[in-house]
Colleague: 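Next up is a structure, given as structure tokens.
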Amino acid sequence: MRNKGFELTKGEEVMMEIFWDAERPLTTMEISEMTDEFNDSYIHRLVKSLEKKEMLKISGLVKSGKQYARQFAPTTTREEYGAFVMQNLGIRDEKALAKVAVAMVSRFVDDENNKNEALVKELENIVEELKKG
């Protein structure tokens, strides 16, 4: 994250979710067609605000009717933003991070007898990568 002192508003978080879920650059017109949660004017303000906070960047131009529209893409992943939020909540050391990891993993495990093997395998791979690096 570039700006360590900022936090996103609820509207900005919803807008970022739209971009993260789309997994491709979007124009404001496409966003307007994808959601009825915001009016066009508010979409433009949110995109401008997110661009100012360096959460979005202009990634290209596409022809839209007789004009060209800017496409925007996220500069930060959902996971990077989540890490930023956790850091702002005071989760900064190994012990706190480990506790968060356990809490998150437990949300994906139904009970003691039904563990998500794919998740466990992925965590094992991450641990091995951390040991190497």
Side-chain angles (χ1 to χ4, degrees):
M1 304 286 292
R2 290 161 190 66
N3 267 332
K4 295 191 181 211
F6 79 88
E7 295 201 16
L8 298 182
T9 65
K10 182 64 178 161
E12 290 169 337
E13 284 184 359
V14 170
M15 184 62 64
M16 288 305 299
E17 290 292 334
I18 292 170
F19 278 97
W20 289 323
D21 290 343
E23 297 180 346
R24 66 178 178 83
L26 298 171
T27 65
T28 55
M29 184 174 286
E30 289 173 315
I31 296 166
S32 180
E33 293 168 358
M34 295 168 76
T35 182
D36 56 357
E37 189 164 348
F38 306 121
N39 65 37
D40 291 348
S41 175
Y42 193 54
I43 289 171
H44 287 282
R45 281 189 299 205
L46 286 173
V47 168
K48 185 175 182 173
S49 175
L50 288 166
E51 186 181 15
K52 185 176 180 179
K53 290 180 178 183
E54 298 181 355
M55 292 292 291
L56 293 177
K57 67 178 179 180
I58 298 171
S59 65
L61 292 172
V62 293
K63 193 160 186 172
S64 177
K66 294 182 180 182
Q67 302 178 30
Y68 284 90
R70 295 180 297 173
Q71 288 181 311
F72 296 89
T75 60
T76 303
T77 66
R78 181 182 275 128
E79 295 79 12
E80 289 168 336
Y81 179 66
F84 170 77
V85 170
M86 287 191 304
Q87 185 178 24
N88 276 356
L89 291 172
I91 300 167
R92 294 187 174 96
D93 62 21
E94 294 84 7
K95 195 176 246 185
L97 184 58
K99 288 179 181 180
V100 168
V102 169
M104 290 189 74
V105 168
S106 69
R107 297 179 139 252
F108 293 98
V109 177
D110 294 337
D111 57 45
E112 287 296 318
N113 299 323
N114 188 17
K115 293 186 178 179
N116 185 329
E117 292 301 320
L119 177 61
V120 171
K121 183 65 177 163
E122 183 62 27
L123 289 171
E124 289 171 348
N125 292 339
I126 290 169
V127 168
E128 287 303 314
E129 286 296 315
L130 288 172
K131 285 180 180 179
K132 290 178 187 176

Colleague: Could you grab the distance from atom OG1 of Thr76 to atom CZ of Phe19, nearest 0.5 Å is fine?
Modeller: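 If I round to the nearest 0.5 Å, the distance is 12.5 Å.
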
Colleague: Going by the salt bridge (charged side-chain N to carboxylate O under 4.0 Å, His left out) test, which pairs reach into residues 39-48, not counting sequence neighbours?
Modeller: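 Residue pairs with at least one partner in residues 39-48: there are none.
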
Colleague: List for me each residue that meets side-chain hydrogen bond (donor to acceptor under 3.5 Å, both in side chains) alongside Ser64, sequence neighbours excluded, and say none if there are none.
Modeller: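 For Ser64, no residue satisfies side-chain hydrogen bond (donor to acceptor under 3.5 Å, both in side chains) once neighbours in sequence are set aside.
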
Colleague: What I'd like to find out is whether the side chain of Glu30 reaches to under 4.5 Å of the side chain of Arg24, using heavy atoms alone.
Modeller: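 The answer is yes; the side chains approach within 4.5 Å.
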
Colleague: Quick one: side chains of residues 90-101, donor-acceptor pairs under 3.5 Å with protein atoms, not counting sequence neighbours, listed by atom name and distance.
Modeller:
unit_1, atom_1, unit_2, atom_2, d
Arg92, NH2, Gln87, O, 3.1
Asp93, OD1, Lys95, N, 3.4
Asp93, OD1, Ala96, N, 2.8

Colleague: Name all residues meeting the salt bridge (Lys or Arg N to Asp or Glu O under 4.0 Å) criterion together with Glu129; count only those two or more places apart in sequence or in a different chain, and write none if there are none.
Modeller: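 Glu129: salt bridge (Lys or Arg N to Asp or Glu O under 4.0 Å) contacts with Lys132.
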
Colleague: Measuring from atom CG of Leu46 to atom CD of Glu37, what distance do you get when rounded to the nearest 0.5 angstrom?
Modeller: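 Taking CG in Leu46 and CD in Glu37, the distance rounds to 9.5 Å.
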
Colleague: What pairs meet the ring pair (Phe, Tyr, Trp, His ring centres under 6.0 Å) rule with one or both residues in residues 41-78, with sequence neighbours excluded?
Modeller: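 For residues 41-78: Phe38-Tyr42.
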
Colleague: Is any side-chain heavy atom of Ile43 closer than 4.5 Å to one of Met15?
Modeller: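 They are in side-chain contact.
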
Colleague: List the residues meeting side chain to side chain contact (heavy atoms under 4.5 Å, CB included) with Glu79, not counting sequence neighbours, and say none if there are none.
Modeller: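 Residues passing side chain to side chain contact (heavy atoms under 4.5 Å, CB included) with Glu79: Thr77.
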
Colleague: Would you say that Leu56 contacts Met16 through its side chain, given a criterion of any heavy-atom pair below 4.5 Å between the two side chains?
Modeller: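 SC-SC contact between Leu56 and Met16 confirmed.
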
Colleague: Quick one: list whatever passes side-chain hydrogen bond (donor to acceptor under 3.5 Å, both in side chains) with Glu13, sequence neighbours left out.
Modeller: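 Glu13 satisfies side-chain hydrogen bond (donor to acceptor under 3.5 Å, both in side chains) with Tyr81 once adjacent residues are dropped.
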
Colleague: Sequence neighbours excluded, which residues qualify as side-chain hydrogen bond (donor to acceptor under 3.5 Å, both in side chains) partners of Ser49?
Modeller: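 Residues passing side-chain hydrogen bond (donor to acceptor under 3.5 Å, both in side chains) with Ser49: Glu12.
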
Colleague: State which residues pass salt bridge (Lys or Arg N to Asp or Glu O under 4.0 Å) with Glu128; sequence neighbours excluded, sorted by chain then number.
Modeller: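 Checked Glu128 against salt bridge (Lys or Arg N to Asp or Glu O under 4.0 Å); matches are Lys131.
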
Colleague: What residues form a salt bridge (Lys or Arg N to Asp or Glu O under 4.0 Å) with Asp21, not counting sequence neighbours?
Modeller: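 Partners of Asp21 by the salt bridge (Lys or Arg N to Asp or Glu O under 4.0 Å) criterion, ordered by chain and then number, come out as Arg78.
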
Colleague: Give the C-alpha distance, both sets of side-chain angles, the deciding distance and a yes or no for side chain to side chain contact (heavy atoms under 4.5 Å, CB included) between Glu122 and Asn125.
Modeller: CA-CA 5 Å; Glu122 183 62 27; Asn125 292 339; 4.2 Å; yes

Colleague: May I ask you to check whether over 12 heavy atoms, not counting those of Gln67, lie within 6.0 Å of atom CD?
Modeller: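 No, not enclosed.
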
Colleague: Suppose the criterion is salt bridge (charged side-chain N to carboxylate O under 4.0 Å, His left out): which pairs have a residue in residues 62-72, not counting sequence neighbours?
Modeller: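 Residue pairs passing salt bridge (charged side-chain N to carboxylate O under 4.0 Å, His left out), neighbours aside: none found.
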
Colleague: Any side-chain heavy-atom pair from Ile31 and Val47 closer than 4.5 angstrom?
Modeller: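 Counting from C-beta outward, Ile31 and Val47 do come under 4.5 Å.
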
Colleague: Is there a path from Ile58 to Leu61 through hydrophobic residues (I, L, V, M, F, W, Y) whose side chains come within less than 4.5 Å of each other?
Modeller: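 They do not share one cluster, since no chain of ILVMFWY contacts under 4.5 Å joins Ile58 to Leu61.
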
Colleague: So, do Met34 and Leu26 sit near enough that their side-chain heavy atoms are less than 4.5 Å apart?
Modeller: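 Yes; the side chains approach each other to less than 4.5 Å.
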
